[in-house]
Amino acid sequence: MSIKPITLMYMSGVEDGTTIDLNPKTDGSIRDADWILSIGRKDDNDICLRNDTFVSRYHARLLWRDGKWWLEDIHSTNGSFTEDEMDTFHEIRFEGTIPVECGQLFRLGRTWLRIQPDNY
(Lines give C-alpha, C1' and ligand atoms only; values in the text may rest on other atoms or scores of the structure.)
Protein backbone atom coordinates (compact mmCIF):
# COMPACT_ATOMS: atom_id res chain seq x y z
CA MET A 1 0.00 0.00 0.00
CA SER A 2 1.42 3.39 -0.94
CA ILE A 3 1.58 6.25 1.51
CA LYS A 4 -0.78 9.11 0.68
CA PRO A 5 -0.37 12.78 1.63
CA ILE A 6 -2.51 13.95 4.56
CA THR A 7 -4.00 17.15 5.90
CA LEU A 8 -3.80 17.85 9.62
CA MET A 9 -6.17 20.43 11.15
CA TYR A 10 -5.73 22.47 14.31
CA MET A 11 -8.97 22.15 16.27
CA SER A 12 -8.15 24.64 19.06
CA GLY A 13 -5.83 27.43 20.10
CA VAL A 14 -4.63 30.46 18.17
CA GLU A 15 -4.34 28.39 14.99
CA ASP A 16 -7.85 26.88 15.25
CA GLY A 17 -9.07 25.90 11.77
CA THR A 18 -5.62 26.10 10.20
CA THR A 19 -4.60 23.10 8.10
CA ILE A 20 -1.18 21.64 7.34
CA ASP A 21 -0.68 19.60 4.18
CA LEU A 22 1.93 16.88 4.64
CA ASN A 23 3.47 14.76 1.92
CA PRO A 24 5.67 11.68 2.45
CA LYS A 25 7.94 12.85 -0.39
CA THR A 26 8.81 16.13 1.33
CA ASP A 27 7.83 15.93 5.02
CA GLY A 28 8.94 13.72 7.89
CA SER A 29 11.04 10.65 7.33
CA ILE A 30 10.55 7.17 5.92
CA ARG A 31 12.03 4.34 7.97
CA ASP A 32 11.46 0.79 6.77
CA ALA A 33 7.89 1.14 5.43
CA ASP A 34 6.82 3.68 8.08
CA TRP A 35 6.21 7.40 7.51
CA ILE A 36 7.20 9.27 10.68
CA LEU A 37 6.16 12.84 11.49
CA SER A 38 7.60 14.49 14.60
CA ILE A 39 5.41 16.84 16.64
CA GLY A 40 6.62 19.32 19.24
CA ARG A 41 7.35 22.92 20.17
CA LYS A 42 10.86 23.13 18.63
CA ASP A 43 11.10 24.47 15.09
CA ASP A 44 12.84 21.38 13.73
CA ASN A 45 9.71 19.21 14.21
CA ASP A 46 7.68 18.31 11.13
CA ILE A 47 4.59 19.67 12.91
CA CYS A 48 5.61 22.59 15.11
CA LEU A 49 3.23 23.65 17.90
CA ARG A 50 5.32 26.65 18.96
CA ASN A 51 2.36 28.59 20.41
CA ASP A 52 1.50 25.94 23.02
CA THR A 53 3.83 26.13 26.02
CA PHE A 54 2.31 22.88 27.37
CA VAL A 55 3.77 20.96 24.40
CA SER A 56 7.21 19.46 24.97
CA ARG A 57 10.05 20.34 22.62
CA TYR A 58 9.75 16.81 21.20
CA HIS A 59 6.30 15.68 22.26
CA ALA A 60 4.98 12.94 19.97
CA ARG A 61 5.21 11.16 16.64
CA LEU A 62 2.51 10.48 14.09
CA LEU A 63 3.27 7.20 12.29
CA TRP A 64 1.84 5.59 9.18
CA ARG A 65 2.40 1.88 9.76
CA ASP A 66 0.70 -1.23 8.38
CA GLY A 67 -1.95 0.78 6.54
CA LYS A 68 -3.11 2.95 9.45
CA TRP A 69 -2.14 5.92 11.60
CA TRP A 70 -0.59 5.64 15.05
CA LEU A 71 0.14 8.35 17.62
CA GLU A 72 3.14 7.85 19.88
CA ASP A 73 3.76 9.95 22.99
CA ILE A 74 7.53 10.25 23.41
CA HIS A 75 7.69 10.82 27.17
CA SER A 76 6.16 14.30 27.03
CA THR A 77 5.84 16.31 30.23
CA ASN A 78 2.15 17.22 29.96
CA GLY A 79 0.90 14.15 28.16
CA SER A 80 -1.02 13.14 25.06
CA PHE A 81 -4.75 12.56 24.97
CA THR A 82 -7.40 11.17 22.67
CA GLU A 83 -11.14 11.56 22.77
CA ASP A 84 -13.05 8.77 24.47
CA GLU A 85 -14.64 6.62 21.74
CA MET A 86 -17.80 6.27 23.83
CA ASP A 87 -18.12 9.94 24.84
CA THR A 88 -16.57 12.81 22.87
CA PHE A 89 -16.80 15.10 25.92
CA HIS A 90 -14.15 13.09 27.78
CA GLU A 91 -10.52 12.51 26.97
CA ILE A 92 -8.16 9.69 27.79
CA ARG A 93 -4.48 10.21 28.58
CA PHE A 94 -2.26 7.56 27.06
CA GLU A 95 1.36 6.52 27.10
CA GLY A 96 3.17 4.68 24.37
CA THR A 97 1.55 4.23 20.97
CA ILE A 98 -2.15 4.07 20.08
CA PRO A 99 -4.06 3.82 16.77
CA VAL A 100 -5.66 7.04 15.53
CA GLU A 101 -8.52 7.12 13.03
CA CYS A 102 -8.93 9.90 10.48
CA GLY A 103 -11.31 12.44 11.98
CA GLN A 104 -10.56 11.39 15.57
CA LEU A 105 -9.49 14.24 17.85
CA PHE A 106 -6.25 14.03 19.80
CA ARG A 107 -4.61 16.55 22.11
CA LEU A 108 -0.95 17.37 22.68
CA GLY A 109 -0.37 19.89 25.46
CA ARG A 110 -3.44 22.11 25.08
CA THR A 111 -3.74 21.81 21.30
CA TRP A 112 -6.43 19.58 19.75
CA LEU A 113 -5.65 18.19 16.29
CA ARG A 114 -7.12 15.73 13.81
CA ILE A 115 -6.19 14.06 10.55
CA GLN A 116 -8.75 15.30 8.06
CA PRO A 117 -11.06 12.42 7.06
CA ASP A 118 -11.43 13.62 3.46
CA ASN A 119 -7.94 12.23 2.80
CA TYR A 120 -9.26 8.66 2.89
Side-chain angles (χ1 to χ4, degrees):
M1 174 180 281
S2 65
I3 305 171
K4 299 177 186 178
I6 63 164
T7 300
L8 196 68
M9 180 179 273
Y10 289 88
M11 302 299 292
S12 67
V14 296
E15 297 184 79
D16 186 16
T18 302
T19 58
I20 305 168
D21 294 320
L22 299 157
N23 190 310
K25 294 179 182 177
T26 57
D27 301 303
S29 60
I30 304 290
R31 193 169 313 134
D32 298 321
D34 300 346
W35 180 21
I36 303 166
L37 295 163
S38 62
I39 307 172
R41 202 174 65 246
K42 283 205 55 151
D43 288 336
D44 61 346
N45 283 284
D46 302 307
I47 302 160
C48 182
L49 304 177
R50 70 179 55 82
N51 294 315
D52 187 340
T53 58
F54 287 84
V55 171
S56 296
R57 290 181 301 249
Y58 299 101
H59 196 104
R61 290 185 196 109
L62 197 54
L63 312 162
W64 176 258
R65 176 183 295 148
D66 299 326
K68 61 183 170 180
W69 285 104
W70 300 84
L71 183 62
E72 177 184 18
D73 182 277
I74 49 177
H75 310 292
S76 65
T77 302
N78 292 309
S80 298
F81 301 80
T82 185
E83 64 183 342
D84 185 331
E85 292 178 14
M86 304 305 285
D87 183 349
T88 57
F89 296 106
H90 291 95
E91 59 191 25
I92 300 169
R93 184 176 181 152
F94 70 90
E95 295 179 4
T97 306
I98 64 164
V100 174
E101 299 294 327
C102 291
Q104 179 181 2
L105 295 174
F106 59 93
R107 180 169 69 86
L108 308 175
R110 292 195 170 166
T111 303
W112 284 97
L113 301 157
R114 78 171 180 204
I115 300 169
Q116 288 295 90
D118 59 331
N119 291 125
Y120 294 87

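This structure is a prediction, so every number in the text was calculated from the model and none was measured. For the single chain, residues carry numbers from 1 onward in sequence order.
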> Hey, what do you get for CD1 (I92) to CD (E83), rounding to the nearest 0.5 Å?
Replying inline: 9.5 Å

> Rounded to the nearest 0.5 Å, how far apart are CG of L37 and CG of L8?
Replying inline: 8.5 Å

>> Tell me if a side-chain donor or acceptor on T82 pairs with a main-chain N or O of F106 at a distance below 3.5 Å.
In response: no

> Got a sec, which residues hit side-chain contact (heavy atoms from CB on, under 4.5 Å) with R107, two or more places apart in sequence or on another chain?
Replying inline: F81, E91, W112

> With distance as the sole test, does T77 use its side chain to make a donor-acceptor pair with the main-chain N or O of S56 at under 3.5 Å?
Replying inline: no

>> Using 0.5 Å steps for rounding, measure from the CG atom of L62 to the CD1 atom of I6.
In response: 5.5 Å

>> Test of understanding: with side-chain contact (heavy atoms from CB on, under 4.5 Å), list the residues that count as partners of D52, not counting sequence neighbours.
In response: F54, V55, R110, T111

> Hydrophobic cluster mates of L63, side-chain heavy atoms under 4.5 angstrom, ILVMFWY only, any path?
Replying inline: I36, W70

> Which heavy atom in P24 sits nearest to a heavy atom in I3, and how many Å separate them?
Replying inline: CG-O, 3.6 Å

List the atom pairs, donor and acceptor, that lie under 3.5 Å between side-chain atoms in residues 13-22 and the rest of the protein, sequence neighbours left out.
residue: E15; atom: OE2; partner: N51; partner atom: ND2; Å: 3.3
residue: T18; atom: OG1; partner: E15; partner atom: O; Å: 2.8
residue: D21; atom: OD1; partner: T7; partner atom: OG1; Å: 2.8

> Among all residues two or more places apart in sequence or in another chain, which pass the side-chain contact (heavy atoms from CB on, under 4.5 Å) test with Y58?
Replying inline: K42, D44, N45, I74

> Sub-3.5 Å donor-acceptor pair from the side chain of W35 to the main-chain atoms of P5, do we have one?
Replying inline: no

> Would a distance-only check, ignoring hydrogens and angles, find a side-chain to backbone donor-acceptor pair under 3.5 Å from N23 to K25?
Replying inline: yes

>> Checking S76 now: which residues fulfil side chain to side chain donor-acceptor pair (under 3.5 Å) with it, not counting sequence neighbours?
In response: H59, D73

>> Within this structure, what is the CZ-CG distance for the pair R41 and D43, rounded to the nearest 0.5 Å?
In response: 10.5 Å

